[in-house]
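Values reported hereafter were calculated over all heavy atoms of this structure, with side chains retained and with hydrogens, waters and symmetry mates removed. Throughout, a chain's letter reflects where its sequence line sits, starting with A, and its residues are numbered from 1.
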Amino acid sequence: MFEVSDIVAAYGKIEALKGVSLKVESGRITCLLGPNGAGKTTLMMTIAGILQPRRGSIRLEGAELAGLSPARIVSRGVALVPENRLVFPEMSVRENLLAGAYQRRDRAGIDSDIERMYARFPRLKERRDQMAGTLSGGEQQMLAVARALMSRPRLLLMDEPSLGLAPLIVAEIFDIIAELNRDGTTIFLVEQNAHMALKVAHQFFLMEQGRITFSGTPGQLAEDEVIQRAYLGTRRAVG
Amino acid sequence: MDLLDLIDAVQSVADGVLFGATYSLLGIGFTLIFGVMHKINLSYAAASIGAAYASLLVMSVVEAPAVLAFVAAAAAGGVIGGLVYLVGFRFIPLANPLATLMSTVGLLLLIDEIIVHATAGVPLSYPALFSDVIVQVGPFGLRGDLMFVFALGCVCMTLLLLLLYRTRLGLATRAVSQQATASLLCGISTTQVNVLTFVITGVVGGIAGAMTGAAIGMLSPLLSLPLTVKGLIVTVIGGLGSIPGAIIAGLIVGGLENAFQFFRGVSERDLYIMLLLFAFLVFRPGGIFAKSSGRD
C-alpha cells in the first residue's frame with residue numbers, strides 16, 4: 001500500500017499542498033481529480049522527489065520516501081510519467097527507454113524489457129531509431145509510459161496522460177492503463193478527463209485548493225456529480 | 001595576385017585550420033557545459049591555459065618526454081574543472097542568471113592572476129612535438145607540430161563523441177541537457193552529471209591548452225582572454241549546444257583567422273573575426289547547423 005499523510009508543500013510562501021492525505025491500494029487504479037490549480041501536479045512532483053515537502057510523510061509498503069532524492073525514489077519502485085510527457089527530444093526511442101532503465105545494471109534484463117515494451121507498444125518498435133521529438137503526441141505519451149516502466153516500478157504515477165491527445169488516442173492510452181493494471185502494476189493517476197478516468201479507476205480522490213475534499217469509488221456517486229465537483233469545485237468538504 | 005601569393009595564402013589557411021582544432025575543443029567545452037547547466041562558464045579558456053601551465057610545473061619536476069606534458073595538462077585540467085564547479089557553481093544560486101556569470105568571470109581573473117604571480121608575467125616556452133617534421137605536399141609544407149595538434153584534437157573529439165553517444169554516462173549527460181526534470185525522474189543524478197561534465201570538459205580544455213602552447217611554442221597569461229573570446233565565438237557560430245557545430249566552427253575560425261591575417265595583417269585579424277560573429281548573430285543566431293525551431 002502507498003500512503004501519503006499530511007503532506008504540505010509550498011512554492012515560497014504560497015502553500016500549494018495544505019496537508020494532503022490519501023491511500024492507494026496495491027494492485028488497483030486510483031485516480032486524483034480536481035480543477036486546474038488544485039495542486040495535483042505539485043503532489044505528483046512531491047511524491048517523485050522533484051519538490052521537497054515542508055512536512056508530512058509518503059510511504060510505500062511502510063518505507064518512508066519523503067526527503068529522498070528523485071533517484072532514490074525511483075530505486076524504491078516509484079516512477080512518474082510527467083505532465084506533457086517530457087520525452088528526451090533528441091534521443092532515439094530506444095535511448096529514451098535506456099534512460100528509463102538508468103539505475104539498472106542488468107544488461108540482459110534491460111534488453112528483454114525493451115523487447116517487452118516493443119511488444120506492448122508496436123508503434124514504438126516501428127520508430128525505435130527515430131528521434132523522440134519527431135513522434136506524434138500519442139506516440140510520445142506511449143514512450144513516456146514505456147520509459148517509466150523501464151525502471152520496473154511497483155507504483156506507476158501518471159500525470160494527465162490524456163492531455164492534448166485526440167479522443168481516439170486517449171481511449172488507446174486508457175486501454176493501456178487498464179492493461180498495465182491487469183498485469184499487476186499499481187497505478188495512481190491524475191486526470192482532467194474525469195469521464196475516462198472514472199471508467200478505469202477503482203477508487204478516486206477529489207482535490208481542491210491543496211486539500212483532498214472527497215474520496216470514493218466510481219459508481220458511489222453519480223458521475224455527473226463527481227465531474228461537477230471536480231471542475232466547479234465545492235465550498236465545503238464532503239465525504 | 002600571382003601564384004606564389006596564392007600558395008602562401010592557401011598555406012596560411014591550412015595552418016589556421018590545423019590550429020583551429022584547438023578552438024574546436026574549447027568550443028565543445030563551452031557548449032557541453034552550457035548544454036547540461038544552461039550556464040556559460042567564462043573561466044573555461046583561462047582554466048585550460050592554467051592546466052597547460054600546471055603541466056609545465058610537472059615537467060620541471062620530473063624528467064620526462066614532451067608527450068607527458070599533454071597527459072599532465074589533461075589531468076590538471078580535470079582537477080581544475082572540478083574545482084571550478086565547486087567554487088563557481090556548486091553553492092551559487094543557479095536561478096539567478098547573473099550569479100554564475102560573475103563567479104566565472106571572477107575565476108577567470110583569479111586564474112590569470114595566479115599565473116601572472118607564479119611566472120612574474122614572463123612567457124614560458126612550451127615543448128612542441130614533431131616540430132622538426134615538415135611534410136611536403138606539392139608546393140605546400142605541413143608543419144609537424146600543427147599536424148600533431150590537429151590529430152590530437154581529432155582523437156579527443158572522437159573519444160568525446162564516443163563517450164557521449166556510446167556510454168551510460170553520455171546517455172545521462174544528453175538526457176540532462178535535453179530534459180532536466182525527466183532525467184531526474186529516470187533516476188539520473190543531475191549533480192553527478194554536472195560535476196563529471198566539468199571534469200571531462202576540464203580534461204579536454206587542458207589538452208587544448210597544451211595544444212595551444214605546443215603550436216605557438218610558449219605560454220603566456222595574455223592567451224586566456226583571446227582564447228575565451230575565440231571559444232565563445234566558435235560556440236555562437238557553431239550554435240550553442242551543438243557539438244558538430246563547435247567542431248566545424250573551430251576549424252572555420254582557425255582558417256579564416258589566418259586568411260584575414262594573410263590578407264589584412266595581424267592587427268586587423270580579430271576585427272574581421274568579430275565582424276563574422278556579428279554577421280552570425282544577426283543573420284544566423286542559431287549557428288551553422290541551426291535546428292528547426294518550435295521544439296522544446
Side-chain angles (χ1 to χ4, degrees), chain A residues 11-12 41 44-45 47-51 68-92 94-105 107 110 131-135 140 143-153 156-159, chain B residues 28 31-32 34-38 90 93-96 160-197 238-246 286-287 289-296:
Chain A
Y11 300 101
T41 294
M44 286 297 187
M45 289 299 207
I47 295 172
I50 305 286
L51 295 171
L68 297 183
S69 70
R72 298 292 295 278
I73 291 173
V74 172
S75 68
R76 295 287 175 87
V78 178
L80 168 63
V81 182
E83 190 179 11
N84 291 323
R85 312 177 267 277
L86 307 187
V87 296
F88 302 112
E90 278 158 61
M91 282 172 23
S92 69
R94 197 185 134 74
E95 285 179 320
N96 268 270
L97 295 178
L98 283 173
Y102 184 73
Q103 294 211 333
R104 294 171 55 187
R105 295 287 193 161
R107 285 266 9 168
I110 293 172
M131 293 293 141
T134 65
L135 302 182
Q140 287 191 11
L143 178 56
V145 173
R147 182 180 66 185
L149 289 173
M150 285 302 293
S151 68
R152 292 200 169 165
L156 183 67
L157 308 170
M158 302 176 95
D159 195 350
Chain B
I28 291 174
T31 272
L32 272 179
F34 182 82
V36 295
M37 294 201 74
H38 295 277
R90 183 69 186 92
L94 296 178
N96 183 331
L160 204 56
L161 288 174
L162 286 175
L163 179 74
L164 272 175
Y165 289 94
R166 290 280 179 278
T167 68
R168 189 168 171 270
L169 172 65
L171 185 78
T173 308
R174 287 181 293 139
V176 170
S177 68
Q178 291 175 27
Q179 235 311 320
T181 305
S183 58
L184 282 171
L185 293 175
C186 287
I188 298 168
S189 159
T190 45
T191 310
Q192 203 177 21
V193 167
N194 288 344
V195 174
L196 286 170
T197 305
L240 205 49
S242 163
I243 291 172
F289 294 140
K291 284 175 259 171
S292 56
S293 54
R295 279 214 311 258
D296 189 17

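The shortest non-hydrogen separation linking B:Gly187 to A:Ala71 is O-CB, 3.5 Å.
Of the two parts of A:Met150, neither the backbone nor the side chain holds a non-hydrogen atom closer than 4.5 Å to a non-hydrogen atom of chain B. Residue contact with chain B, scored on non-hydrogen atoms closer than 4.5 Å, is absent for A:Ala79. With a 4.5 angstrom heavy-atom cutoff, A:Ile50 touches chain B only via side-chain atoms. For A:Arg147, the part lying near chain B is the side chain, with the backbone staying farther off; criterion is any non-hydrogen pair under 4.5 Å. The parts of B:Ser183 that come within reach of chain A are both its backbone and its side chain, each placing non-hydrogen atoms under 4.5 angstrom from that chain. Using a 4.5 Å cut-off between heavy atoms, A:Arg105 touches chain B through its side chain atoms alone.
Rounding to the nearest 0.5 Å places CD of B:Gln179 at 12.0 Å from CD of A:Glu90.
Judged by the 6.0 Å distance and 45° axis criteria, B:Arg174 is not positioned over the aromatic ring of A:Phe88.
Counting heavy-atom pairs closer than 4.5 Å to chain B, the top residue among A:Arg72, A:Glu95, A:Met45 is A:Glu95. Ranked by heavy-atom pairs under 4.5 Å with chain A, the first of B:Ala182, B:Ser177, B:Ser189, B:Ala172 is B:Ala182.
Only one option out of A:Leu157, A:Val74, A:Leu80 pairs with B:Leu185 in a side chain to side chain contact (heavy atoms under 4.5 Å, CB included); it is A:Leu80.
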>> Show, in sequence, the C-alpha distance, side-chain angles and deciding distance for A:Met91 and B:Leu171, and conclude whether the side-chain contact (heavy atoms from CB on, under 4.5 Å) test is met.
In response: CA-CA 9 Å; A:Met91 282 172 23; B:Leu171 185 78; 3.9 Å; yes
